[in-house]
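Working notes, beginning with the structure itself.
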2 protein chains.
Amino acid sequence: MVLTITEENYLKAIFSLGCSGEGGANNQSIAEKLSINPASVTDMLRRLHEKKFIDYNRADGAKLTKEGLKLTIKTVRKHRLWETFLVEKMNFSWSEVHEVAEQLEHIQSDKLLNELDKMLGYPKFDPHGDPIPDAQGKMPITKAKPLPDIEIGRKVRVVNVADNSPSFLKYLDKQEIGLNNILVVKEIQDFDKSVLVELKGKKEVFLSHEASKKIFVE
Amino acid sequence: MVLTITEENYLKAIFSLGCSGEGGANNQSIAEKLSINPASVTDMLRRLHEKKFIDYNRADGAKLTKEGLKLTIKTVRKHRLWETFLVEKMNFSWSEVHEVAEQLEHIQSDKLLNELDKMLGYPKFDPHGDPIPDAQGKMPITKAKPLPDIEIGRKVRVVNVADNSPSFLKYLDKQEIGLNNILVVKEIQDFDKSVLVELKGKKEVFLSHEASKKIFVE
DNA sequence: TATTAAAATTAGGTTAGTCTAAATTATTGT
DNA sequence: ACAATAATTTAGACTAACCTAATTTTAATA
Ligand SMILES: [Mn+2]
Ligand SMILES: [Mn+2]
Ligand SMILES: [Mn+2]
Ligand SMILES: [Mn+2]
């Protein structure tokens, strides 16, 4: 049951593509997510299927098997715990952690993983508000909504961001929007769907539709 | 200047073989250290030479170039800082850290490395008493001697162990010998060169010549 | 010095993971 | 229903890192 780093990355891609959208992950979306040629993806999907980590066919796309899901969730757990570690203990900002966590998630040591979890106080969410699976693979389910779905006037709390790219996160930093911040939705522009929100201290900022779709609140 | 994990491991092997013994590292010793076939080593030595990380010829063996040395020392720094981290912050024992550090040493993040160093208080030695190169690549030089070279009756302090294998380190644990422990050399047996030492609390133990050669004291 | 043994290299192969270009299958718009 | 377009797969190649078996070079010893 020992996966290569490459295999772990494919499984993770299939996992995250499978979360959004109900069907499996199709070749093209995996290729895009991993910046790899579709022909290479075909190859790897065949191998992952042979190893019983995924089911795959052209119509339904790739879906993790029970075994594949178990292994993938462990990788996700590692990724998110390491991100939390980097922010909580190593003075990283939320825009810096993802790249390093992409490396750290492949470290194999159950003891280290458990100690990390303990040191961080068994956190439930990572610095981007993503749920951290526990040692049994269970993770909390939240019913957060994207900002554009909120009625005008509601006061909400930012609980998750659906894009971990440094460019997006730095943009949020600049707008002074962070996890757990309280926002009030003031208005949504008709012509471009941009959202006007009030931050703490009465400060108001416009968020593009593009950006606001990726901000999840409760 | 981006090395593969495999290249880093070869350079590290050449480095450590070059430290002991004045000449370079020969093919066979590298092959043994990495558990790799000599024919494969020939291959890799050629590639490392082409990339200007080593000088190599059959007579003198492999020697790191200035560039190669710089990169290798950084890997050693990472390895030893991570080992220190595991012991100081993650409740690992000195016999458990090496294997995990072999993985962690390949993580690429200058910020993480600096923060790690800072969090640990800029340590000078790792859990086995090996010197940790600083950010400039400088490391303290000590004049420790192996236990069999000490005169009878001298009181000394354990400052380094020259074998990081779990089996050796667990053996030392069992004998209650650890870093910084004070020992008195009571006698050296003629027939097998085993060493009788007195530990704190007057307890006395025999150490085989094999073991005592690997215990460095001051 | 000639013979033998050890060390290193060469030759030829394998596997994982990638690529490009060409062929095949599906989907879609008219 | 059919042509155009999009998605996927096949075919053929490449690189890094390894292997075994055979050969060559160097060292040791009789
Ligand atoms: Mn991430
Ligand atoms: Mn995250
Ligand atoms: Mn070590
Ligand atoms: Mn060490």
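In what follows, chains are A, B, ... by sequence order, proteins preceding strands, each numbered from 1. Just the heavy atoms: all of them, side chains too, but no hydrogens, waters or symmetry mates, feed the values below.
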B:D130 side chain to B:F125 backbone, donor-acceptor under 3.5 Å: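 Such a contact is absent between B:D130 side chain and B:F125 backbone.
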
Sugar-phosphate only, base, or nothing, as touched by A:T6 at under 4.0 Å among non-hydrogen atoms: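 The residue A:T6 makes sugar-phosphate contact but no base contact.
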
Touch class at under 4.0 angstrom, heavy-atom based, for A:D43 against every strand present: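 If one applies the 4.0 Å heavy-atom cut-off, A:D43 turns out to touch a base.
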
Under 4.0 Å between a side-chain N or O of [X] and OP1 or OP2 of [N]?
X	N	result
A:R58	C:dT24	no
A:S40	C:dG17	no
B:R47	D:dA17	yes
B:Y10	D:dA16	no
A:T4	C:dG17	yes
B:T42	C:dT9	yes
A:Y56	D:dT8	no

Stepwise side-chain contact (heavy atoms from CB on, under 4.5 Å) test for B:I14 and B:T72: CA-CA 9 Å; B:I14 293 164; B:T72 308; over 6 Å; no

Nearest whole Å is fine: how far is [N] [atom2] from [X] [atom1]?
X	N	atom1	atom2	answer
A:N57	C:dA26	CG	C1'	14 Å
B:I30	C:dA7	CD1	P	14 Å
B:N27	C:dA7	CG	C1'	8 Å

Pairing of A:E151 and A:K145 as salt bridge, 4.0 angstrom limit: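 No, this pair does not count.
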
Salt-bridge present (B:D163, B:K213; N to O < 4.0 Å):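 No.
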
Among C:dA21, D:dA7, C:dT18, the one nearest A:Q28 by side-chain distance: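 My answer, after comparing the listed nucleotides, is D:dA7.
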
A:N26 side chain, from C-beta outward: closest of C:dA16, D:dT8, C:dT10: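 Looking only at heavy atoms from C-beta outward on A:N26, the closest nucleotide is D:dT8.
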
Heavy-atom side-chain contact between A:P131 and A:T142 under 4.5 Å: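 They are not in contact (no side-chain heavy atoms under 4.5 Å apart), so the answer is no.
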
